[in-house]
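As structure tokens, the structure follows; a few thoughts come after it.
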Amino acid sequence: MKKIISLFVLLIVFTTCKNLDKKAEESQPKQEKTEFAIIIHGGAGTILKKNMTPEKEAAYKAKLEEAIRVGYKILQQGGSSLDAVQKTINVMEDSPLFNSGKGAVFTNAGTNEHDASIMDGKTLNAGASAGTTTVKNPIDLARVVMDNSPHVMLSGKGAEQFAEEQGLEIVDPKYFYTERRYKALQKIKEQEETKLVKDDKTAFYDSDIKDSKFGTVGCAALDKNGNLAAGTSTGGMTNKRWGRIGDAPIIGAGTYANNNTCAVSSTGWGEYFIRAMVAHDISALMEYKGMSLKDAAREVIHDKVGGLGGDGGIVAVDKNGNMVAEFNTAGMYRASMNDEGELIIKIYKE
Ligand code: ASP
């Protein structure tokens with residue numbers, strides 16, 4: 001009898017606990033899913049308020065707003081995240097403010113060589129182009145590589161030939177010239193000559209050429225159909241040599257999108273972002289460890305990239321429309337918009 005009573009008591013305690021658990025679960029606020037969302041970056045680096053003029057700051061903010069509103073409109077009208085990403089990036093590629101398309105940095109040889117990539121989170125299809133010198137909008141090339149070729153990444157002359165065949169706009173390489181970026185290359189070269197930065201791996205990145213080493217552009221978006229996409233476009237790093245390719249066109253490093261997790265676009269010191277496989281690593285932490293986008297991005301940018309000695313940042317959006325901008329530099333040009341049209345534009349660290 002005693003045994004039966006004890007069993008009965010245990011049963012009551014167990015059922016009460018289960019119900020309490022259920023109540024606790026129910027009292028949690030329901031996680032709101034955003035219908036669509038878009039976030040962009042215009043590069044991360046030593047962006048300090050003391051080096052900015054109000055006019056320059058206003059110009060960057062205005063261009064970021066112009067760009068993100070293009071993507072927002074596409075998403076609002078039910079368009080795809082892929083189109084939103086591509087068209088938003090086009091606006092920044094056409095602006096000399098950013099290190100992509102017009103305004104790209106110069107290589108050691110005095111040329112402008114562009115890298116870009118785009119990825120569809122629904123199908124895991126991806127396209128990329130590397131080292132092109134005549135394609136006006138490299139993100140458009142990445143898109144046609146994904147849509148119209150059997151390959152994922154094309155480079156150099158072959159990529160340019162494909163762009164032409166696809167009817168993309170081809171320009172004289174002179175189109176990409178900007179005085180600011182050209183001067184930045186000259187300054188690095190002078191420093192090299194005076195051995196200030198010789199044999200120093202920070203030659204590309206850590207000299208006092210404050211404005212020359214950032215400005216890569218990228219975008220991540222979620223559309224009304226729940227599809228994620230991301231894209232990145234860059235001129236790479238000032239003074240790069242020997243056909244150097246950065247992280248931007250490497251799927252998994254500069255760009256990644258997967259409807260099960262998130263969409264990510266990176267910017268920063270490419271060599272580190274390749275070695276840390278930044279964009280895919282964030283997605284993998286979410287997929288395999290069940291981490292939130294925010295926690296995954298923090299771990300990868302601060303612990304992994306930072307741990308290796310690299311710097312930069314990412315913008316990303318998850319499948320529920322949560323958006324994150326994470327960086328370990330002084331600043332990152334960035335903007336985001338949710339489905340209510342709330343616009344946030346920031347440059348410096350909070
Ligand atoms: N990640 C780019 C590269 O290494 C540069 C940048 O984002 O500023 O080519």
Side-chain angles (χ1 to χ4, degrees), residues 40-47 60 89 92-93 95 97-101 103-108 111-118 128-133 138-139 142 153 155 176 178 180-181 184-185 188 201-207 209-220 230-256 264-282 300-301 304-306 308-316 325-334 347:
I40 63 175
H41 70 74
T46 321
I47 310 167
Y60 274 104
I89 288 179
M92 294 188 280
E93 284 180 332
S95 163
L97 289 175
F98 304 100
N99 171 19
S100 71
V105 298
F106 282 83
T107 67
N108 179 268
T111 55
N112 306 102
E113 296 178 8
H114 308 263
D115 299 337
S117 64
I118 194 161
S129 64
T132 59
T133 57
I139 196 71
M153 190 194 286
S155 71
F176 298 111
T178 53
R180 173 167 77 116
R181 302 293 190 193
L185 173 68
I188 287 190
K201 65 177 179 172
T202 63
F204 305 107
Y205 214 68
D206 227 13
S207 66
I209 322 292
K210 296 228 161 45
D211 255 4
S212 69
K213 56 196 179 295
F214 43 79
T216 288
V217 306
C219 178
T232 310
S233 181
T234 187
M237 291 170 83
T238 306
N239 203 29
K240 64 182 182 181
R241 294 170 206 240
W242 309 301
R244 179 261 191 194
I245 306 292
D247 59 314
I250 297 180
I251 298 303
T255 297
Y256 193 73
V264 184
S265 170
S266 312
T267 176
W269 195 342
E271 278 67 14
Y272 290 88
F273 277 65
I274 294 171
R275 290 157 61 204
M277 267 289 127
V278 166
H280 181 263
D281 212 37
I282 292 170
V300 174
I301 292 301
K304 295 200 172 170
V305 175
L308 287 170
D311 57 3
I314 57 100
V315 293
E326 198 67 46
F327 52 98
N328 68 352
T329 48
M332 179 165 78
Y333 297 107
R334 58 202 189 276
I347 298 179

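Whatever order the structure lists ligands and atoms in, that order sets their numbers, starting from 1. From a predicted model like this one, the values you see are computed outputs, not experimental measurements.
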Consider only side-chain N and O atoms of E93 and S233, and report whether a donor and an acceptor are under 3.5 Å apart.
yes
Would you say the side-chain atoms of R181 pair up with the backbone N or O of G103, donor to acceptor, closer than 3.5 Å?
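Side chain of R181 to backbone of G103, a donor-acceptor pair under 3.5 Å: yes, one is there.
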Short side-chain to backbone donor-acceptor contact, N99 and G236, under 3.5 Å
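Indeed, once roles are kept as given, a pair shorter than 3.5 Å links the two residues.
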For S155, all residues meeting side chain to side chain donor-acceptor pair (under 3.5 Å), sequence neighbours excluded
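By the side chain to side chain donor-acceptor pair (under 3.5 Å) rule, S155 matches no residue at all.
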With respect to [X], determine whether any N or O atom, backbone or side chain, lies less than 3.5 Å from an N or O atom of ligand 1.
X    : answer
T216 : yes
T267 : yes
R244 : yes
D247 : yes
G246 : no
G236 : no

Taking only Lys NZ, Arg NE, NH1 and NH2, and the carboxylate oxygens of Asp or Glu, determine whether E271 and R244 approach each other closer than 4.0 Å.
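Yes, this pair counts.
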Output, in order, the C-alpha distance, side-chain angles, deciding distance and verdict of side-chain contact (heavy atoms from CB on, under 4.5 Å) for V278 and K304.
CA-CA 9 Å; V278 166; K304 295 200 172 170; over 6 Å; no
Once you restrict to heavy atoms under 4.0 Å, what part of H114 touches ligand 1? Side chain, backbone, both or neither.
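The answer is neither.
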For ligand 1, is there an atom lying under 4.0 Å from some heavy atom of G43?
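G43: no contact with ligand 1 (<4.0 Å).
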K240 near ligand 1 by a heavy-atom separation under 4.0 Å
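Under 4.0 Å: no for K240.
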List in chain and number order the residues that pass side chain to side chain contact (heavy atoms under 4.5 Å, CB included) with F327, two or more places apart in sequence or in another chain; answer none if no residue qualifies.
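For F327, the residues satisfying side chain to side chain contact (heavy atoms under 4.5 Å, CB included) (neighbours in sequence not counted) are T329, M332, R334, K349.
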